[in-house]
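The block underneath contains the structure these notes are about, expressed in structure tokens.
Whatever order the structure lists ligands and atoms in, that order sets their numbers, starting from 1.
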Amino acid sequence: DEILLNLKEEHEITDVSFKTWLLPLKVYAVDGEKAIVTVPDVEFLGYIRKKYGFLLKITIEEVTGFECSVDFVVENQIQKETAPAPAGNTLITNSVNPVSQSAIITANLNPKYIFDTFVVGANNNLAHAASLAVAESPGEIYNPLFIYGGVGLGKTHLMHSIGHFILKNNPHAKVLYVTSEKFTNELIDAIRNKNNFSPTEFREKYRNNDVLLIDDIQFIIGKESTQEEFFHTFNALYEAKKQIIISSDKPPKEIETLEERLRSRFEWGLTVDIQSPDYETRMAILRKKEEMEGYNIDNEVIKYIATNIKSNIRELEGALTKIVALSRLDNKEITVELAEEALKDIISPNDKREITPELVIQVVADHYGLTPLDICSQKRNKEIVYPRQIVMYLCREMVGTPLQMIGKFLGGRDHTTIIHGIDKITADVDKNDTLSNTIEILKKKINPQ
Ligand code: ADP
Ligand code: MG
């Protein structure tokens, strides 16, 4: 314990690095001048050895006065005869290195998505460890890092966490997070020289980074010009040893329309996946959310949610929010009955995702960082009116919902408002390439096949 504590403080190791790499280490044997230390996962043996081996060695010397070398072995590859006492959590202290607000905004990072609020479980521990390793040593080990997994499982959260961590360690690092949609739209603008944004400026913006995070790369695939430009961006960054982090819904080898040269580059680094969370992880995530929001919810209710909502963490969070909202609205206590009532639309017996107006509203709201309530509200600011009109357009196009029904779904608007909205978007799609790109992406989000 003393050695670890010393190492943490002397070398200003952050809490998350400490918890992930150092706390799980155990002394297996000390033999003359050699300490043998166990590591839980084989995947990161090499990384821990390289990153922390030397630090551990010199700290052991400092604390004990004995010179000794350190060797690491994987825990489940040795006979478990001598089980030393676990180190416990008491060693964690806070090391805060404030990052300027403007650096976070320039990097395009969401302040909520940090490693501290990310719950690690069996479904995501490799992706978490890989993200942390990249955050600690950007450009040095796993380049690119490719994270894949289904919707709402934490890819975006991990990417932002990497960005925050790097800025905390090095406030001058140039970090840029973008969705692949934004990348494409800016490329379209640059080619057209729109908003005085030239191809040269585009290149400067994307190549002049220490760390580039591109989220949901599946949406640029199939577009040759974007793949071409991304290929050059990738090469420029890679050759300069800058870190690239990519997320996608599928691993590179399953993305059919991905050009071979990009596919092979994506596989140069490390590819990790995130799976659906198991029951324990779902419980832990709900608990974390409860703690963060300051709710106080009965254990039975938490269990009810964790049992019934399985595939998607965004839905898990949404369920909790919905229950709390209903209880405040009706001024009722939060009970399992209330939870059943609140979630009856979400929990369907045959977990099939139909394309409904609700789904369209949900996806469009998410895409613009709004809530479904915003979309259906009477608010008239531009930031909401336009996405609302996109909902009208997509309901008509994808679901074939009658105008009157669309109006009803959107908080009781009459059909002339709906017609106006649909006409507006139809006209804009024709003359605005970036909007038509966005619409295409929204359609893929609503109906992934
Ligand atoms: P994805 O990008 O894979 O679609 P997100 O990163 O947007 O998913 O995650 C969806 C929501 O679930 C976010 O609000 C995120 O904070 C939350 N979330 C996902 N994974 C975790 C986790 N392991 N711990 C805590 N919250 C999580
Ligand atoms: Mg995402």
| Residue, atom name and distance, where the atom is the protein heavy atom closest to atom 13 (C) of ligand 1 | Tyr113 OH, 3.6 Å
| field | is_close_aromatic(Tyr113, His164), centroid dist under 6.0 Å | value | no
| query | atom 7 (O) of ligand 1: which protein heavy atom is closest, and how many Å away? | reply | Arg314 NH2, 2.7 Å
| field | Glu260 atom CD, over 12 foreign heavy atoms within 6.0 Å | value | yes
| said: Within the structure, is a non-hydrogen atom of Gly152 found at a distance of less than 4.0 Å from ligand 1? | reply: yes
| task | With atom 2 (O) of ligand 1 as the reference point, say which of Ile147, Ile313, Thr156 has the nearest heavy atom. | result | Thr156
| Among the heavy atoms of Gly150, does any lie under 4.0 Å from an atom of ligand 1? | yes
| said: Using a 4.0 Å cutoff against the non-hydrogen atoms of Asn124, which atoms of ligand 1 qualify? | reply: 23 (N)
| query | Centre of Phe18's six-membered ring, under 6.0 Å away, within 45 degrees of the axis: is that where NZ or CZ of Lys8 sits? | reply | yes
| field | Heavy atom of the protein closest to atom 8 (O) of ligand 1 (residue, atom name, distance) | value | Gly154 N, 3.0 Å
| query | For Asp215 and ligand 1, does the shortest N/O to N/O distance drop below 3.5 Å? | reply | no
| query | With only distance considered, is Val120 within less than 3.5 Å of ligand 1 through an N or O on each side? | reply | no
| said: In this structure, is the centre-to-centre distance between the rings of Tyr47 and Phe72 below 6.0 Å? | reply: no
| request: Specify the protein heavy atom at minimum distance from atom 6 (O) of ligand 1: its residue, its atom name, and the distance to 0.1 Å. | output: His157 N, 2.8 Å
| query | Are any of the side-chain nitrogens in Glu440 or Lys443 under 4.0 Å away from the carboxylate oxygens of its partner? | reply | no
| field | Interfacing atoms of ligand 1 (cut-off 4.0 Å, heavy-atom, Thr117) | value | 24 (N), 25 (C)
| query | Does a sphere of radius 6.0 Å around CZ in Arg263 hold more than 12 heavy atoms from other residues, nucleotides or ligands, not counting ones at 6.0 Å or beyond? | reply | yes
| Who's the nearest protein heavy-atom neighbour of atom 11 (C) of ligand 1, and how far? | Glu317 OE1, 3.8 Å
| N, O or S atom of Thr156 closer to the Mg ion (ligand 2) than 2.8 Å | yes
| query | In the protein, which heavy atom is nearest to atom 23 (N) of ligand 1, and how far is it? | reply | Val119 O, 2.8 Å
| remark: So the atoms of ligand 1 within less than 4.0 Å of a heavy atom of Val151 turn out to be 4 (O)
| field | Check: Glu290 side chain, Ile297 main-chain N or O, donor-acceptor pair, under 3.5 Å | value | yes
| Has Arg261 got its NZ or CZ under 6.0 Å from the middle of the six-membered ring of Phe231, at an angle within 45 degrees of the ring axis? | yes
| task | Can you establish whether the number of heavy atoms outside Lys223 located under 6.0 Å from its atom NZ is more than 12? | result | yes
| Side chains of Ile305 and Ile323 in contact at under 4.5 Å (non-hydrogen atoms) | yes
| said: In this structure, does ligand 1 have an atom that sits under 4.0 Å from one of the heavy atoms of Lys288? | reply: no
